[in-house]
Amino acid sequence: MTRKFPETKERIAVFAGSFNPFTLGHLSILRRGLTIFDKVIIMIGRNINKPDEAEEASARAALLSRTLADFGDRVEVRTCDGLVAPEAVRLGATALLRGVRSVADFEYERNMADVNREIAGIETVILTAEPAYGAISSSVVRELESYGYDISGFIPPQNK
Ligand code: ADP
């Protein structure tokens, strides 16, 4: 599917993920995305079949909004119940924003980019991880936290 272009004057990207938690790696992608796009919408996926998880995602979105408040209206945090790509198009997004740390990430991201172009006609802008954050993943941070390790060095300062 190919979309007509340009559709909006403001260049908006949707940066979707579970962000559980939002890490310094995500922050790096967000900051660098803002050098390309006027606005970035962070979209936290939630599973409507698991009400508890949906509530948890909303709480996480509220917390993240406060953490990223300094970006003002250039960053918005939302949750998403369904497919991200059509929702991004509905919100007027120019592209999806994603990050890759490794070849393994790349294979997954390329596949997602192809699917999202096919179903919604939206392109994906993929930024490479900054070397300092290349080893940070939400799952590793979650695991460290579960063992009582202080994870403050991996997440943005206010994101407690
Ligand atoms: P998912 O639930 O799809 O794994 P995540 O919340 O883990 O989503 O991440 C969202 C996006 O951020 C993905 O494109 C992922 O590759 C990217 N990302 C995660 N951690 C980093 C990092 N340390 N550096 C760069 N990109 C990252």
Side-chain angles (χ1 to χ4, degrees), residues 11-85 87-88 91 93-113 115-116 122-160:
R11 289 187 169 262
I12 301 171
V14 163
F15 182 24
S18 41
F19 303 118
N20 188 19
F22 189 89
T23 67
L24 291 181
H26 295 132
L27 183 64
S28 163
I29 297 295
L30 171 64
R31 280 186 189 288
R32 290 156 60 214
L34 285 168
T35 67
I36 304 169
F37 298 99
D38 299 312
K39 177 175 175 173
V40 174
I41 299 173
I42 294 179
M43 206 176 261
I44 300 181
R46 64 182 187 188
N47 189 339
I48 46 172
N49 298 319
K50 295 183 187 166
D52 291 352
E53 205 178 284
E55 225 170 81
E56 204 267 323
S58 298
R60 201 139 27 88
L63 176 69
L64 189 54
S65 290
R66 290 196 293 279
T67 300
L68 303 175
D70 286 353
F71 289 104
D73 58 11
R74 292 195 65 198
V75 174
E76 187 184 323
V77 183
R78 295 177 154 258
T79 54
C80 180
D81 290 334
L83 278 173
V84 166
E87 179 66 5
L91 293 170
T94 311
L96 300 172
L97 175 65
R98 298 287 288 181
V100 291
R101 286 155 290 196
S102 61
V103 173
D105 272 359
F106 177 77
E107 288 299 337
Y108 175 77
E109 295 296 342
R110 179 177 53 187
N111 195 38
M112 288 302 297
V115 168
N116 287 327
I122 191 164
E123 291 297 339
T124 301
V125 170
I126 300 175
L127 300 182
T128 53
E130 271 186 84
Y133 306 126
I136 302 178
S137 70
S138 295
S139 55
V140 164
V141 172
R142 270 202 313 279
E143 188 163 353
L144 290 173
E145 192 176 29
S146 75
Y147 289 109
Y149 187 87
D150 175 14
I151 59 158
S152 56
F154 298 107
I155 59 174
Q158 309 92 310
N159 197 350
K160 296 265 160 57

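Quick note: numbers below take in every heavy atom, side chains included, and nothing from hydrogens, waters or symmetry partners. Starting from 1, each residue takes its place in the sequence as its number.
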message = For L68 and L27: C-alpha separation, side-chain torsions, deciding distance, then whether side-chain contact (heavy atoms from CB on, under 4.5 Å) applies.
response = CA-CA 9 Å; L68 303 175; L27 183 64; 4.0 Å; yes

Answer yes or no: is there a donor N or O on one side and an acceptor on the other, between the side chain of [X] and the main chain of [Y], under 3.5 Å?
{"X": "S65", "Y": "A61", "value": "yes"}
{"X": "T94", "Y": "I12", "value": "yes"}
{"X": "R60", "Y": "T79", "value": "no"}
{"X": "R74", "Y": "V40", "value": "no"}
{"X": "S138", "Y": "P21", "value": "yes"}
{"X": "R98", "Y": "A16", "value": "yes"}
{"X": "T35", "Y": "R31", "value": "no"}

Spatial distance of atom [atom1] ([X]) from atom [atom2] ([Y]) [nearest 0.5 Å]:
{"X": "E123", "Y": "N116", "atom1": "CD", "atom2": "CG", "result": "10.0 Å"}
{"X": "M112", "Y": "D105", "atom1": "CE", "atom2": "CG", "result": "12.5 Å"}
{"X": "D81", "Y": "M43", "atom1": "CG", "atom2": "CE", "result": "10.5 Å"}
{"X": "L144", "Y": "S139", "atom1": "CG", "atom2": "OG", "result": "9.5 Å"}
{"X": "R142", "Y": "I151", "atom1": "CZ", "atom2": "CD1", "result": "10.5 Å"}
{"X": "L64", "Y": "I42", "atom1": "CG", "atom2": "CD1", "result": "5.0 Å"}

Between [X] and [Y], which heavy-atom pair has the shortest distance, and what is it?
{"X": "I122", "Y": "A85", "value": "CG2-CB, 3.9 Å"}
{"X": "A57", "Y": "G45", "value": "CB-O, 4.2 Å"}
{"X": "L96", "Y": "A88", "value": "CD2-CB, 3.7 Å"}
{"X": "L97", "Y": "A13", "value": "CB-CB, 4.1 Å"}
{"X": "G99", "Y": "E109", "value": "O-OE2, 3.9 Å"}
{"X": "F15", "Y": "I29", "value": "CZ-CG2, 3.7 Å"}

task = Applying side-chain contact (heavy atoms from CB on, under 4.5 Å), run through L91 and R78 and close with a yes or a no.
result = CA-CA 11 Å; L91 293 170; R78 295 177 154 258; 3.7 Å; yes

key: Sub-4.5 Å side-chain heavy-atom contact between I36 and L127   =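 SC-SC contact between I36 and L127 confirmed.
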
query = Do T67 and F22 have side chains that get closer than 4.5 Å, going by heavy atoms?
reply =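 The answer is no; the side chains never approach within 4.5 Å.
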
Reference residue H26; test ring-ring contact (aromatic ring centres under 6.0 Å, His included); the match among F154, Y133, F19 =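 By the ring-ring contact (aromatic ring centres under 6.0 Å, His included) criterion, H26 pairs with just one of F154, Y133, F19: F19.
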
